[in-house]
There are 2 protein chains.
Amino acid sequence: MAMPAQAAALAVPGNMGDVRRSNLALVMGRIARQPAGVHLTRAHVAATTGLTKASVSSLVVALLDAGLVRETGLNPQGERGRPGVGLELNPARAVMGMEINVDYIAAGVTDLSGTLLLREVRERDNRDSEPGPVVAALAALAASLRVEATGRGIQIVGGGLAVPGLVDPARSMVLAAPNLGWEGVPLDLAALLPGSPLGVALFNEANAAALAEIARRPAGDADFLFVSGEVGVGGGLVIGAELFTGPAGHAGEVGHVVVDPGGTRCSCGGTGCLETVAGQDAIFAAAGMAGLPVTRSAALAALLSALDSGDPGARAAVDRAGRALGVALASTARVVNVGSVVLGGHFAVLDQWLRAPLLASLEKYAPGKFTPGQLTVTAVGDPGALLGAAGSVVRSLVEAPHLLQA
Amino acid sequence: MAMPAQAAALAVPGNMGDVRRSNLALVMGRIARQPAGVHLTRAHVAATTGLTKASVSSLVVALLDAGLVRETGLNPQGERGRPGVGLELNPARAVMGMEINVDYIAAGVTDLSGTLLLREVRERDNRDSEPGPVVAALAALAASLRVEATGRGIQIVGGGLAVPGLVDPARSMVLAAPNLGWEGVPLDLAALLPGSPLGVALFNEANAAALAEIARRPAGDADFLFVSGEVGVGGGLVIGAELFTGPAGHAGEVGHVVVDPGGTRCSCGGTGCLETVAGQDAIFAAAGMAGLPVTRSAALAALLSALDSGDPGARAAVDRAGRALGVALASTARVVNVGSVVLGGHFAVLDQWLRAPLLASLEKYAPGKFTPGQLTVTAVGDPGALLGAAGSVVRSLVEAPHLLQA
DNA sequence: ACGATTAGTTCATTGCCTGAACTATATGAG
DNA sequence: CTCATATAGTTCAGGCAATGAACTAATCGT
């Protein structure tokens, strides 16, 4: 719920409890947004949120009781007047991010400020795998991290799982993950974090990575498209610092924008999709690297050295991918009106080779829409999906602190 | 503001006034959604909204005082128990929709239920016109309709203006309307309806037309892309029964999706945009009708008869436009994840000739995403932009009835 | 005519924010 | 060392909005 000046018609009556929850979120958000280590007092919260000191005091008590916030010592530096009691996010609460990908599973723990405390990646070939054992292995990994966290006095209150495919979060289902060979797979998310108050949320990998980017961008720069380059090409659309997933939950899928109407068949059944030109397998094949190193990171390294040594096939393949990406981004920019793009996956790795053809293509198909500065590379990198999945739990907690109230 | 179960972090403290406004909107929305002529009582509002009878009574008094709602007689048919007092939208309040287009200006008055009460279209060539006289002529037209409405005891509380071009509603500016020859034109919207309590809102024409479609669609079918075929190709993206305009306010511009990377230059500076293949001028030119009838409706009629008589050039041109539209819609469907499309403008007129190549193209580039039933033609037609602009005012009033409180 | 039934109002209660008054604890000047 | 000043935080009365129960109002069926 949102409560301010503009009222939107809703299906549910509002009451005073909603005011309380809204203001609780306001105070929680203020505390969460405070830079780490900078003293923040009730008085300052009141002054910056517009709430009265009396209300803030009452709301902070609720947050303390819920264990979301902690009091630190008094203001250390000598200022006039009574020193205020410091407030910060409770470091004894944390969330778990988890990821299932083609070559590995991973789990990590972040505190409520988004700092990564623990992380563990287990290599594992999940191609054409059975979902059951993969999820069981991830549950075991998560359990071990949880034990480690508990040993440090840290409670895991919830988690998020990122999967490389189309998901239906509402039904906890993986609708289609071609690279895992999963289709219509229901997941027992609760088993990943048994008994955690907030449970486990499910995300598409590119969407989770996009969420992780949000926190790492300058404030106000809250609209962008994250493009994830893996075997497939995924996308996460962020508008107003919110993930925009569209009516059916799969918006931002820039990998299947048509970039070549006369092109080749895509695994999705379509024709000339971006993925058929700029996906990892497509680039490797076009560069004449078919049947080369098994792992993707090795293949990428091989491609990079081929590019460095001036291999014409490799250069042409990347050039073509860059131009195609430009076509897709130009169209996307028109339809959803975003002017900033963040490149992830192999697009980030290949940035120096990709950038020139991509910018040229953007200028040709959407002149004036993009400046080079609006085309950036992921600030998070590999653990992006994991951090984003974890961060989403933090975010839901900041927006609805009452979820953890007694 | 929105008030229910899920709280979103906001910059502004909530208080009980927000609860009041939210519930006011809830009751107002319930009354507005009641089919015309069907008796609706306070008791029924309470039962369907979840508010208590006491709250509903109090809220209804406020709506009556604001003049938004009216009591009708008692329940006519004999049912057991005390008959309830009927409630309906006040027929003495109305809004004005206005439109500036290439060949005409238009204004119309609708009551709060969206019924068109008055409408007047004045032919007028606005190509490469000065904004001042056009707006003055529209103001005069609006004034005359307002006099007529006042004569019937109807008060105009606000209005909306639709313009064929990119607009910045916040600054009341037309950023670019190539077909009018306007660029960076500030509009004195207040002059169109002097002294009206809600003022005049500004819309892009395709967006306004999309708004008008919302009300005419079956409930639950709230996600679609409206494609407006005029000289240019515009679009209005509706998600969750809300217009989605994106970060900069121009989302849904499907006319500049790239459908042919090797294609011709577009007026926007890009290359191979949908508009270069499927815009009216493009189709007329491809059909070999350059320099034909002056007015667009005459040219369209000529094209239709050429199609009827089997003219191969005309058929090929429309075929090509249909296929290109399919490419653009396939890409758009992936990026924003809409599965329904509403055709307007010449796309609606040419539907029978366009449909087959369009569906074939959709099936080729986005297989399984569209069924023929999800491809429909405008249910509103010509006055769409006008009705949508007017409807937007009604909508804002329903969502924030307190705007008209004393 | 009277009981049953439904509509709508009145009123005491509860919850939350607000503003003012008050308490608590520091700094700095004399 | 003491006191004025300044700032932090709590307490408390007041107001507002929703709630639920009790009450009044109006109609139907028998």
Side-chain angles (χ1 to χ4, degrees), chain A residues 1 3-4 7 10 12-27 30-31 39-64 69 71-87 401-402 405, chain B residues 1 3-4 7 10 12-27 31 39-65 69 71-87 401-402 405:
Chain A
M1 85 175 138
M3 306 243 5
L10 272 162
V12 182
N15 56 37
M16 291 165 307
D18 295 319
V19 175
R20 183 68 169 177
R21 281 187 283 278
S22 171
N23 288 336
L24 212 49
L26 182 61
V27 172
R30 180 63 188 82
I31 296 171
H39 202 75
L40 177 69
T41 66
R42 288 168 172 79
H44 200 206
V45 170
T48 52
T49 58
L51 288 160
T52 62
K53 288 192 297 174
S55 298
V56 170
S57 277
S58 155
L59 291 161
V60 165
V61 166
L63 293 175
L64 291 170
V69 164
E71 288 188 342
T72 62
L74 295 182
N75 192 340
Q77 65 217 27
E79 277 180 18
R80 235 178 147 78
R82 169 176 167 181
V85 179
L87 299 171
H402 63 274
Q405 280 186 288
Chain B
M1 91 174 131
M3 307 244 3
L10 271 161
V12 181
N15 57 36
M16 284 168 308
D18 296 318
V19 175
R20 183 69 171 176
R21 282 187 283 280
S22 171
N23 288 335
L24 213 48
L26 182 61
V27 172
I31 296 172
H39 201 75
L40 178 69
T41 67
R42 288 169 173 79
H44 199 203
V45 170
T48 52
T49 58
L51 288 160
T52 62
K53 289 192 297 174
S55 299
V56 170
S57 277
S58 155
L59 291 160
V60 165
V61 166
L63 293 175
L64 291 169
D65 287 348
V69 163
E71 289 187 341
T72 61
L74 296 181
N75 192 340
Q77 65 218 28
E79 278 180 19
R80 239 177 144 77
R82 171 175 165 182
V85 179
L87 299 171
H402 64 275
Q405 280 186 290

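Please read these numbers as outputs of a predicted model, since none were measured by experiment. All chains are named by letter (A, B, ...) in the order of the sequence lines, taking the proteins before the strands, and each is independently numbered beginning at 1. Values below: all heavy atoms of this structure, side chains included; hydrogens, waters and symmetry mates excluded.
One finds no side-chain N or O of A:T41 lying less than 4.0 angstrom from the OP1 or OP2 phosphate oxygen of D:dT7. Look at B:N23 and you'll find a side-chain N or O under 4.0 angstrom from OP1 or OP2 of D:dA18.
Comparing atom distances between the A:R20 side chain and each of C:dC16, D:dG20, C:dT25 picks out C:dC16 as nearest. Of the listed nucleotides (D:dA8, D:dA18, C:dA26), D:dA8 has the atom at the smallest distance from the side chain of A:K53. Comparing C:dG8, D:dG15, D:dT11 by their nearest atom to the side chain of A:A54 picks out D:dT11. Taking only side-chain atoms of B:A43, from C-beta outward, the nucleotide of D:dG9, C:dG8, D:dA17 with the closest atom is C:dG8.
A residue-by-residue look at B:G50 and A:V61 shows that A:V61 has its nearest nucleotide of DNA chain D further toward the 5' end. Closest-nucleotide positions on DNA chain C for A:G81 and B:H44 were compared, and the one nearer the 5' end corresponds to B:H44. Of the two residues near DNA chain C, A:T52 and A:P83, the one whose nearest nucleotide lies more 5' is A:T52.
Distance, B:R21 CZ to C:dC17 C1': 13 Å, rounded to whole Å. A:R42 places its CZ atom 15 Å from the C1' atom of D:dT7, with the value rounded to the nearest Å. The separation between B:L51 atom CG and C:dA7 atom P is 16 Å, rounded to whole Å. Here D:dG9 presents its C1' atom at 14 Å from CG of A:L59, a figure rounded to the nearest Å. Rounded to whole Å, the distance from CZ on A:R82 to C1' on D:dA8 is 5 Å. Distance B:R80 CZ to D:dA26 P: 18 Å, rounded to the nearest Å. Put simply, CD on A:E79 is 18 Å from P on C:dT25, counting in whole angstrom units. Taking atom CG on B:L40 and atom P on C:dT6, their separation rounds to 17 Å, with Å as the unit.
Atom CG of B:L87 is separated from atom CG of B:L64 by 7.0 Å, given to the nearest 0.5 angstrom.
With hydrogens and angles disregarded, no donor-acceptor distance shorter than 3.5 Å links the side chain of B:H44 to the backbone of B:H39. For A:N23 (side chain) and B:P13 (main-chain N/O), no donor-acceptor pair under 3.5 Å exists by modelled atom type. Remark: the backbone N or O of A:R21 is not paired with any side-chain donor or acceptor of A:D18 at under 3.5 angstrom.
Across A:V27 and A:L63, no two heavy atoms sit closer than the pair CG1-CD1, 3.8 Å.
Residue B:S55 is in base contact, counting any heavy-atom pair closer than 4.0 Å across all strands shown. Contact annotation for B:V56: no contact, since no heavy-atom pair falls under 4.0 Å across all strands.
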